[in-house]
Amino acid sequence: MQLTDDEKAMRDGRDGRAVARAMDLLTRYGEALGAERLVETRNVTGTVTATTPFMRDFAEQRGGMDAVFSEFSLDSDEVVEIPRVKTFTSHLQLGFDPNEPERMGVSEETVTFYRKSEAFAGRMGVQLMNTCTPYQVGNVPTRGEHCAWMESSAVIYCNGVLGARTNTEGRESVGAAMLTSRIPYWGYHLDENRLGTHRIELDVPVESTADWGMLGYYVGEVVQDKVPVVDGVRAVPNLQRLKHFGAAAASSGGVEMYHLVGITPEANTFEQAIGKRRAVPTLRYGAAERRAVYERLNANGNRTEVDYVMLGCPHYTIEQIWEASVLLEGRRVHENCELWIFTPRAIKTLADQNGYTKIIEDAGGHIFSDSCSAMSRAVPKDTRVVAMDSAKQAHYLPAILGVEAWFGSTADCIDAACSGRWDGRLA
Ligand code: F3S
């Protein structure tokens, strides 16, 4: 791989041992990928903090958070002193909400260690947004901006909706990127890899958030890790609909980039979206495909008694919290059911200020930040049946926790929370 003089100086230790380790890691990573060079990035999103007892023990035995970062973010057995980040970096979701340890089944000891690791990240200059949706709390890269992001639902939003450029990075590559401002120039950083490979023609209207989740789940299943171009969208989707679409497509398949003709930034026309490819296979999404997806997402549901309603995957927007509060106002969560909603810290603050948190808590629900049930592996005690409005969470939670899952609209989920029973159906 060709390195610039500045990159060679970083590799050779000009900026200290940690930066040298980071540049060595990026060089090895880039060579394994077949990248010819690195590209400058001024936007990194990843994970630095540590939230598990394993990490706590590792830090105690090996020399604190510098040792954790050296081993798990720089692939370095040698413990090096970690400097401040060189480029803007935001933090992703974590393993639990440190303000709700008891409800999430986390010990005080783990929370104390987590607070230390969060202070370490803060000192490094990492922005503690603590969400899988950095784009809704201030990290909104511009079209064409080269980024280094982790988290599949964020990556697909970054590429598809914002027209910024990132591959799905890991803890190690973002750790190295934040210390060097560099990432290998390959994959979705390159124009040709962003062109559409499949046309998805819509034969039915796709409007609600649940509908966009179902469409995303279908698209991921049929294109896997390719680049779909969705044509025939009749109603322009908002942020939350695209959030659910992308998260679902990245779960049932490995979609990292997509186009909606006439809507997303690199698809003013179908021809622009596929560019030099000229022709691509066409798949049709109609009533039969929609029903089949709904049935697949509900294939794990059996008992109609619902123990737990989980909302906020990906993390809820303020609009979704507002909608949930309107649906809940004056009602009561059933005594045999729990309602948990997950959102970024900043949006939880806004929900508190707007009075939505009070409405939700008065009804018996709870709002958490920083994590979710899949990340934390935390659900209310004795949960066997979960209802949710996220195709992504319906895909993962049964596999992670062995629970039964129902998928439906937000209104279906709130009804289930209040009645303790699943009565959702395809509208
Ligand atoms: Fe976010 Fe958890 Fe879903 S991290 S995308 S809420 S699985």
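Below, each value reflects all heavy atoms present in this structure, side chains not excepted, and no hydrogens, waters or symmetry copies. Every value quoted in this text rests on a predicted model; they were computed, and no experiment measured them. Counting convention: from 1, in listed order, for ligands and their atoms alike.
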A.B. asks: If we ignore angles and hydrogens, is there a donor and acceptor under 3.5 Å between the side chains of R421 and T304?
C.D. replies: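 Short answer, yes.
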A.B. asks: Distance under 4.0 Å to a non-hydrogen atom of C372: what atoms of ligand 1 satisfy this?
C.D. replies: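 Going through ligand 1 atom by atom, the ones under 4.0 Å from C372 are 2 (Fe), 4 (S), 6 (S), 7 (S).
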A.B. asks: Distance check below 2.8 Å: does C132 bring an N, O or S atom to atom 1 (Fe) of ligand 1?
C.D. replies: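 Coordinating: yes.
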A.B. asks: With respect to atom 3 (Fe) of ligand 1, please indicate if C313 possesses an N, O or S atom at a distance under 2.8 Å.
C.D. replies: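 Coordinating: yes.
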A.B. asks: Any idea which atoms of ligand 1 are less than 4.0 Å away from a heavy-atom of Q93?
C.D. replies: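 This gives 4 (S) as the contact atoms.
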A.B. asks: At a 4.0 Å threshold, what atoms of ligand 1 neighbour a non-hydrogen atom of E151?
C.D. replies: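 Result: 5 (S).
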A.B. asks: In terms of ring plane angle, is the pair F245 and Y258 parallel, tilted or perpendicular, where the classes change at 30° and 60°?
C.D. replies: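 Perpendicular, since the angle between the ring planes exceeds 60°.
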A.B. asks: If you draw the axis of the six-membered ring of F270, does the NZ or CZ of R199 fall within 45° of it and under 6.0 Å from the ring centre?
C.D. replies: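 Geometry flag: set, cation within 6.0 Å and 45°.
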A.B. asks: Which option, G312, S371, S251, owns the non-hydrogen atom nearest atom 6 (S) of ligand 1?
C.D. replies: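 Comparing heavy atoms across G312, S371, S251, the nearest one to atom 6 (S) of ligand 1 lies in G312.
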A.B. asks: Thinking salt bridges, do R103 and E100 make one under a 4.0 Å N-O criterion?
C.D. replies: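 The answer is yes: the pair qualifies as a salt bridge.
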A.B. asks: As an exercise, identify every atom of ligand 1 less than 4.0 angstrom from a heavy atom of K392.
C.D. replies: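 Near K392, the atoms of ligand 1 are 5 (S), 7 (S).
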A.B. asks: Considering the options D370, T131, T47, T49, which one meets the side chain to side chain donor-acceptor pair (under 3.5 Å) requirement together with H91?
C.D. replies: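 Only one of D370, T131, T47, T49 forms a side chain to side chain donor-acceptor pair (under 3.5 Å) with H91, namely T49.
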A.B. asks: Do the rings of W406 and W422 sit parallel, tilted or perpendicular, given the 30° and 60° boundaries?
C.D. replies: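 The rings of W406 and W422 lie parallel, inter-plane angle below 30°.
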A.B. asks: With the threshold set at under 4.0 angstrom, would you say S153 reaches ligand 1 through any of its heavy atoms?
C.D. replies: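 Yes.
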A.B. asks: Show the atoms of ligand 1 that are less than 4.0 angstrom away from any heavy atom in Q393.
C.D. replies: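 Within the 4.0 Å cut-off of Q393, ligand 1 contributes 3 (Fe), 7 (S).
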A.B. asks: Look at the aromatic rings of F342 and H315 and report parallel, tilted or perpendicular, splitting at 30° and 60°.
C.D. replies: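 Geometry flag for H315 against F342: parallel rings.
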